[in-house]
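Quick notes on the structure that follows.
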Amino acid sequence: MTPEPIEMRSVTKRYGNHVVFAGVDLTLQAGTVTALTGPNGVGKTTVGRLLLGLEAPDSGHVTGIARLRRAAVFQEDRLCAHLDAVANVTLVLERQRRAVVGQELARAGLHAGDLSKPVRELSGGQRRRVAIVRALAVAADLVVLDEPFTGLDTSTKPAVMEYVRERLAGRTAVLITHDAAEATYFADRIVRLPL
Amino acid sequence: MTSTTAVSGEAVLRVKRAGRPLVAAVWWVAVWQFAAWSVQKEFLLASPWAVVTRLAELVFTAGFWGTVGWSLTRIVIGFAAAAVVGTLAAALAAASRVVDNALSPLIVTIRSAPVVSFIILLLLWTDSSRLSAIVSFLMVLPVMYANVLEGIRHRDRTLLEAARVFRVPFTRRVRTIDVPGVLPFFAAACRIGIGLAWKSGVTAEVIGVADGSIGERLYEAKLFLSSEDLFAWTLVIVTLSMLCETAVLHLLRRVPGRMEAGAS
């Protein structure tokens with residue numbers, strides 16, 4: 001049976017008197033990557049938060065997300081600073097296998113010596129890679145990646161992008177990005193906000 | 001040659017840093033000695049030497065350790081009970097506005113009421129042997145409650161949100177996000193609370209003349225106009241309070257490591 005698509009229907013979101021967007025319709029087909037692009041302030045991150053269930057719409061409906069297992073790369077790394085890279089990833093997994101997680105982190109470009117350091121001792125780019133691996137290690141039905149490659153240097157970014165594309169194959173995902181090249185590289189469909 | 005110079009430079013700095021409190025202590029003892037010479041009356045202000053001599057006599061008596069043990073046990077029980085009850089009450093108050101509203105007036109009342117009011121009231125209800133534990137508990141409870149509640153409310157919201165998205169199990173979240181977030185607030189409450197427990201506990205012992213307690217020794221010092229005993233026992237109280245604080249903070253420093261081990 002084909003999984004039910006995730007849909008936003010006539011969704012309006014306000015913060016106080018400020019209307020972030022009004023009457024937005026969006027459909028995410030199962031097993032595809034949708035890129036959300038657009039200038040600052042159009043509500044790309046807010047769409048991501050609605051899909052993650054962190055916000056409720058002021059009007060309209062978001063359907064198909066109720067029972068979904070979700071994962072995210074947030075704009076900020078949101079890692080536990082005192083835990084090491086492996087522990088940050090195993091924290092969100094049902095079965096905690098340090099060795100397997102260590103291999104995944106190595107695939108994302110972290111060196112063996114960095115895996116057992118508290119993440120506060122890692123560089124910004126290394127922490128970003130831990131956040132990416134954490135989101136992709138979960139067997140999630142929906143993955144939201146909000147500007148996932150921010151802070152990665154030009155030498156490591158292509159390898160991390162390749163890793164992410166491989167891990168997203170066949171999964172339902174939303175990529176929020178300013179970068180048209182990133183959107184083209186990953187997405188089966190590109191949606192430009194405001195709609 | 002350069003590295004030897006660097007090492008010796010560091011050693012000098014370390015000695016200087018370690019020596020600063022000692023210099024300050026020597027300065028204040030000198031001020032005390034000068035004041036004692038000026039007053040010229042041992043019963044009003046004993047000299048540092050007289051106090052040290054008296055303390056040296058006391059520590060070799062069996063009664064000294066019995067007295068220390070008596071007060072230490074009760075004050076530690078009062079403090080520990082306040083730490084546990086205060087933390088649980090704060091967790092409940094953070095989870096439920098109804099509990100918060102119900103507990104707030106009680107906590108404010110306990111915090112604002114003079115300690116002697118509690119001591120006198122408790123003397124009507126119970127015997128003086130339990131007094132210091134109960135009074136320490138009551139004085140430390142509002143500090144623990146307020147600090148831990150503040151800590152819970154200042155946890156990293158972004159991490160909690162991430163835990164919600166990833167459906168991190170409750171116990172795992174408590175270990176890795178909640179406890180490390182609240183711990184600095186709990187440690188601050190312990191630092192304040194230990195001093196408070198000793199001050200209020202010994203005050204209760206003095207007023208209640210609790211048999212076999214440090215407070216009773218202080219009461220006797222007042223009766224017999226013995227400022228040597230008064231200062232000697234005060235030094236004992238300060239030392240015990242500092243030792244308790246060091247022990248508790250040492251234990252708390254080990255908590256993040258244990259949490260980390262549990263998370264992996």
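Below, read A as the first sequence line, B as the second, and so on, with proteins coming before strands; counting in each chain starts at 1.
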Counting only heavy atoms not in [X], do more than 12 sit closer than 6.0 Å to its [atom1] atom?
{"X": "A:R9", "atom1": "CZ", "answer": "yes"}
{"X": "A:R171", "atom1": "CZ", "answer": "yes"}
{"X": "B:R157", "atom1": "CZ", "answer": "yes"}
{"X": "A:H61", "atom1": "NE2", "answer": "no"}
{"X": "B:R130", "atom1": "CZ", "answer": "no"}

Return the minimal non-hydrogen interatomic distance between [X] and [Y], and the atom names on each side.
{"X": "B:R167", "Y": "A:R70", "result": "NH2-NH2, 4.3 Å"}
{"X": "A:A72", "Y": "B:F166", "result": "O-CZ, 3.3 Å"}
{"X": "A:C80", "Y": "B:T176", "result": "SG-O, 3.9 Å"}
{"X": "A:G53", "Y": "B:R164", "result": "O-NH2, 2.9 Å"}

Inter-residue atom distance B:D156.CG - A:R78.CZ, 0.5 Å rounding: 8.0 Å
For the CG atom of A:L91 and the CZ atom of B:R175, what is their distance to the nearest 0.5 Å? 8.5 Å
Quick check on A:L68 against chain B: is it the side chain, the backbone, both or neither that has a heavy atom closer than 4.5 Å? backbone
Do any of residues 131-163 of chain A have a heavy atom less than 4.5 Å from a heavy atom of chain B, and if so, which, in residue order? A:R134, A:A135, A:V138
Pick from B:V165, B:I177, B:V168 with the largest number of heavy-atom pairs that fall under 4.5 Å of chain A: B:V165
